[in-house]
There are 2 protein chains.
Amino acid sequence: MKTYSLLAIILLCFCLHAEDGSQLWLRYEGNANAQITANVKNSKTVDIALSELTQYWKGAPVLLEKKRTKTTDEGFTIVSDKKNNSLKIVASTDIALLYGAYHLLRLQQTGQVTENLNISQTPKYQYRILNHWDNLDGSIERGYAGRSLWEWEKLPNEISPRYEQYARANASIGINATVLNNVNANPKILTQEYLQKVKVLADIFRPYGLKVFLSVNFASPKTLGGLPDADPLNPEVAKWWKAKAKEIYALIPDFGGFLVKANSEGQSGPQDYGRSHVDGANMLADVLKPFGGIVMWRAFVYAPSSDDRAKQAYLEFMPFDGKFRDNVIIQVKNGPIDFQPREPVSALFGAMQKTPVMVEFQITQEYLGFSNHLVYLSPLFEECLQTDTYAKGQTSTVAKTTDGSLFGHRISAIAGVANTGSDVNWCGHDFAQANWYAFGRLAWNYELTSEQIADEWIKQTFNDKKEFLEPVKGLMLSSREAVVDYMMPLGLHHIFAMGHHYGPEPWCYFPNMRQDWLPPYYHKADSEGVGFDRSKTGSNAVAQYFPPLNEKYGNIEQCPEEFLLWFHHVAWDYKLKNGRTLWDELCYSYDNGVKEVRDFQKIWDRMENYVDAERFELVQTKLQIQARDAMWWKDACLLYFQSFSQLPIPYDIERPVHKLDQLQKIKLSISNHENAILETINR
Amino acid sequence: MKTYSLLAIILLCFCLHAEDGSQLWLRYEGNANAQITANVKNSKTVDIALSELTQYWKGAPVLLEKKRTKTTDEGFTIVSDKKNNSLKIVASTDIALLYGAYHLLRLQQTGQVTENLNISQTPKYQYRILNHWDNLDGSIERGYAGRSLWEWEKLPNEISPRYEQYARANASIGINATVLNNVNANPKILTQEYLQKVKVLADIFRPYGLKVFLSVNFASPKTLGGLPDADPLNPEVAKWWKAKAKEIYALIPDFGGFLVKANSEGQSGPQDYGRSHVDGANMLADVLKPFGGIVMWRAFVYAPSSDDRAKQAYLEFMPFDGKFRDNVIIQVKNGPIDFQPREPVSALFGAMQKTPVMVEFQITQEYLGFSNHLVYLSPLFEECLQTDTYAKGQTSTVAKTTDGSLFGHRISAIAGVANTGSDVNWCGHDFAQANWYAFGRLAWNYELTSEQIADEWIKQTFNDKKEFLEPVKGLMLSSREAVVDYMMPLGLHHIFAMGHHYGPEPWCYFPNMRQDWLPPYYHKADSEGVGFDRSKTGSNAVAQYFPPLNEKYGNIEQCPEEFLLWFHHVAWDYKLKNGRTLWDELCYSYDNGVKEVRDFQKIWDRMENYVDAERFELVQTKLQIQARDAMWWKDACLLYFQSFSQLPIPYDIERPVHKLDQLQKIKLSISNHENAILETINR
């Protein structure tokens, strides 16, 4: 019996120290013994701050001081008190003190503690939100890290320890809101039964400053409430929603509000009753207003009839600018199409000036190799946020058009579609954790660079040894360009496999299907060239941008080459700035993508001595898949486009190892909630 | 109706000119009009010679002259008669005139016709034989080009045009014998029913100088004749064979004799009755002697009990040297194991001096990537034939120990296991035709170099344009080293997948299986090193070779590095001549193999304008498979051996793209007679 206990203890120790990625970037080591005090009334939030610092802070004594400051509710100051050889975290709210505590620990973990700390921080956005596309059956739309974190069947009675870990991880990077369920919403989420479950989560999240939102199905009054319709102008409908809001707020007094996908991809919406987005959003806004809730109304709309899907959100929403209630915010995907490896920004940013607009990023890698490919997304986020829309002259960046500053809006927000799941390491790929992290950090402060964020993430998640840090940082920072190179360089977009979006299917075509769901709609390859003409001679989508962007994008000679085929149908023999023809450059780009991934493998394999075996091997395995996938992408796209260009692949390039017709037979049965790794290994 | 006929004619023309590889190296163009005459009695053979020259020879008038010459029966002379501005082919037999005619056409096709021709040729070997491992059910053991050429079900009534094409192709390169059926022989081949079928083939082959042999099952008197046993010393058994021989020769007066696989891999043999190979072979030799037939008795024997399979043929056959009848020849595989990408030569060559010994090569690529991999085998054949055994001092090459010259034997022979099948292009891979061609050419004259043979094959099979000839020749000549590099460099051997031998399975192990059927028996990898110690400290197989070979092979410092792991168990950190450790060199060798195949792809793709589309694409497709297979081999072997060496793969090498456990799960269902291409494509 004694032996048995000892064995159990040894096993427990082993498990605790097993590096399975479950700890994320929160790898504080124990044995701290600094003196931590607080001149503040006890609260769960303050207790957490005290507990975290007491356990993990190894520096000078820290005082948490709560007082009115100039900063916002969530801002904090960290100052050294040299006289007393101590530190103070000063803030006006409990949650801000907690943010300060996590920031102090971050400074410690990243080696940035100095003797003269004097840091003031306030978040750039009011709402920093994760959108979970989690279904009530436990599956996740576009989730690649196992099943949903929310164990709906077990709630409200059984409580997973992961709920609090999730809240803690978010708090540590300043994420303060979460939409628990899929935008393709099941009305059942609004039943009393499910609201009781939601309440449990909200109670766990609250001390970590994490506000709960729900995606709602616009048809809920009909499907759930038994009303004959869900017409937003039907007083019975509004009444139903009011009662529902009351019911929610009775359980969750600080409930955040609703996220709505309406009249989009088959979802119900006000247009079903001849009403507009304004009618729908304002009705819900009025319902939530008394409780302080907001409506995030998605602008992800497109119809098969349009000449250019990229123009539609703008065309449909611009006429409503200024007509929404002040607690409505329009949620716009970063690009005009759909979370591609690279897109120009949506023209709605900067254009919609009388209505708050928020960016929606996708942290989960629907179009970026699922959780198999190592792609650090911070450069993608940063590229979007720092794009100048020229809405009010220079420096009208997307960040400034959405943080409330440029147009003086009362509310601001930024959303990321979460990449979390039941996998032990949360995100499927250890490096996918960096994308959750980066989203949070940029939402707090978009002035951070991707390089800074990678630097601090690596130091916290792995280690700060230069021999590890520098090459791995280099790998991360070039990973997004690599995926663009091997998937869709030069502005190509949406040439993914039908449905699951894993792997290439530029040839995918069904005569009776919506054309805007098919790759040829987007690449428009023919014997002359390739690309979607969105200039004046084409769909003129460029006209939706402010000058000088419209001119720049619209002129083939001025158009940045990374967007060339997004905005232009370009001849195969068109000469690029480097002197190569378009066709040759396309070939070299794909080939370069393959080489880049192979270089990532070389970098990673050299890191074996700096990483625990578990994470080393998982990342190694996934890089191998990525290397094979890159070859697959290259061969598929080059051989397919070659059938139009009829030009040879430059002979100094590594040759295809597949035939086009073989590649066209690949049909993965991947469904969204499944882990793709097994199927891709066996491919 | 008229239009229809015209269409049919156009289609027919198209088909005739479609370059499907069916014409092999016999691509003479029509419209010749030279004057061809013969001062010789008409015969089918002479008619063929006249017909070939009349149709295709475009030079000076040719006279076929039959007269006693100093050369052997098959030798010929080609001389220019300047006075009459004509040519003479002089020989003492009809078949030799035909060989002369084909040689003249070869000179024409390869641009070697001059004004002063004066060529005398005689073949080096008496019997130049193809061994067909074709089963009576139409399957082919180790065949990768479709089904058997012999349509047994349709014979003797229906005659495929391929039978004569086959004989013509062989005659054009001097092959003069064929063993129609598998050495694992079905006794049914000796039934009257089947002998009638064989007779039809023999009649078709005869004018082309192609003698028919059969593989016989040693148990035939029992299984077919109903005798109680097949004991070679049982007079009833000998009587049965005598009657059978009489029956055969009545149908086929020039029948060549028997090929026998006895007491080998489960085949019946004299040892079943306590008799020896000598008893068995001599009994059959006595039976055939009156008819002029010979016995080719295979020395491919090995037992599971032995400490080293490589030694067994020598141990088992050397005691019998000098005891065989003079119409027995011992057929020995080129290497001591089994047709590996590289082996040292069998120690029986040169050692067995009082008995004629013949080399058996494998033209079909059982261990060389089937018909998927482009491997030009002439360098392998040449390497064996030119290896000096030192049996009678220097220049006792394998060629000279087997051509009858060194030991003054009356009969000499050389055999190649055929790679032909029902595929339109005969050999599955267009370049596999070169191996059939090279075997024939070397059997005729082993002093030809692989480079010469490749040169003339390319010129006849494709074209003689320098831009095509030189790179493709280079590709062919380096292809054998490439396959050694990516499959089993440095003397590794027999680490193939169980059974079908396609792809790597160095890990393959079943505790209850014969150890000498399992790769670990051959590579003997452990934490210290890898390789089979056949030096004095090990199995001492080196002692079977003559000095100085035994010393050279047995001394790790002197052993040629391409045989290092064949003869030695070598430490992972052993320093090779280039300064690299064994482990590193192994890694670089595999990687180099991958790179070489990718280079082949680059070379071939540049040839697109010099080749017809059909053959270009088939070869391109197969090179793609080969490139993927090379990566598979590299990853499988390096990851497997790394589990012993525990050393990193040098970091400048392209990293594996598979995990070992994934590769260990690959189980191809390839059966021997099937074309492997589909399965490997879908792998």
Side-chain angles (χ1 to χ4, degrees), chain A residues 372 471 587 591 594-609 616-632 635 638-639 642 646-667 677-683, chain B residues 372 471 587 591 594-609 616-632 635 638-639 642 646-667 677-683:
Chain A
N372 286 341
C587 294
D591 190 58
V594 172
K595 286 180 182 159
E596 285 170 293
V597 180
R598 289 183 183 159
D599 284 344
F600 297 163
Q601 290 188 282
K602 286 186 182 174
I603 292 170
W604 185 250
D605 279 5
R606 281 180 204 263
M607 297 301 112
E608 187 162 9
N609 293 332
F616 173 77
E617 192 158 321
L618 182 70
V619 173
Q620 186 186 52
T621 303
K622 298 215 166 200
L623 280 170
Q624 290 171 344
I625 296 171
Q626 190 173 359
R628 289 154 57 205
D629 285 351
M631 292 173 73
W632 176 26
D635 286 4
L638 289 187
L639 293 173
Q642 190 179 37
Q646 296 290 326
L647 292 165
I649 296 166
Y651 290 110
D652 57 341
I653 286 179
E654 191 177 305
R655 314 314 292 167
V657 292
H658 309 91
K659 284 275 170 208
L660 184 56
D661 59 350
Q662 295 157 16
L663 295 170
Q664 288 177 331
K665 281 178 203 138
I666 294 177
K667 293 287 166 212
I677 193 166
L678 275 179
E679 193 158 356
T680 52
I681 281 172
N682 295 326
R683 194 188 61 244
Chain B
N372 285 341
C587 294
D591 190 58
V594 172
K595 285 181 183 157
E596 285 169 294
V597 180
R598 288 184 184 157
D599 284 344
F600 298 164
Q601 289 188 283
K602 285 186 182 173
I603 291 169
W604 185 251
D605 278 6
R606 282 179 203 264
M607 297 300 114
E608 187 163 8
N609 293 332
F616 173 78
E617 191 156 322
L618 182 70
V619 173
Q620 185 187 51
T621 302
K622 299 214 168 203
L623 281 170
Q624 291 171 344
I625 296 172
Q626 189 172 359
R628 288 156 53 205
D629 284 352
M631 293 173 74
W632 177 25
D635 286 3
L638 289 187
L639 293 173
Q642 190 179 36
Q646 297 290 328
L647 292 166
I649 296 165
Y651 291 111
D652 57 339
I653 285 178
E654 190 176 306
R655 315 313 293 166
V657 293
H658 308 92
K659 284 276 169 211
L660 183 56
D661 59 349
Q662 295 158 16
L663 295 170
Q664 289 177 329
K665 281 178 204 139
I666 295 178
K667 293 286 166 213
I677 195 166
L678 276 179
E679 196 159 354
T680 51
I681 282 172
N682 296 326
R683 193 185 63 246

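Side-chain atoms are counted along with the backbone in the values below, which use heavy atoms only and exclude waters and symmetry mates. Just so we're on the same page: letters track the sequence lines, and every chain starts at 1.
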Using only atom types and a distance under 3.5 Å, with no angle test, would you say the side chain of B:D635 pairs donor to acceptor with the backbone of B:H658? yes
Got a sec, which residues hit side chain to side chain donor-acceptor pair (under 3.5 Å) with A:Q601, two or more places apart in sequence or on another chain? none
Hits for side chain to side chain contact (heavy atoms under 4.5 Å, CB included) against B:D599, two or more places apart or cross-chain, chain-then-number order -> B:K602
Only pairs of heavy atoms separated by less than 4.5 Å count here; which of B:D652, B:L623, B:I603 has the most with chain A? B:D652
Looking at A:E608, A:Q620, A:M631, A:E654, which one has more heavy-atom pairs under 4.5 Å with chain B than the rest? A:E654
Given that the side chain runs from C-beta out, which part of A:E617 has a heavy atom under 4.5 Å from chain B: side chain, backbone, both or neither? both
Say whether, by atom type as modelled, one donor and one acceptor occur between the side chain of A:N372 and the main chain of A:I625 under 3.5 angstrom. no
Between A:I649 and chain B, with a heavy-atom cut-off of 4.5 Å, which part of the residue counts as in contact: side chain, backbone, both or neither? neither
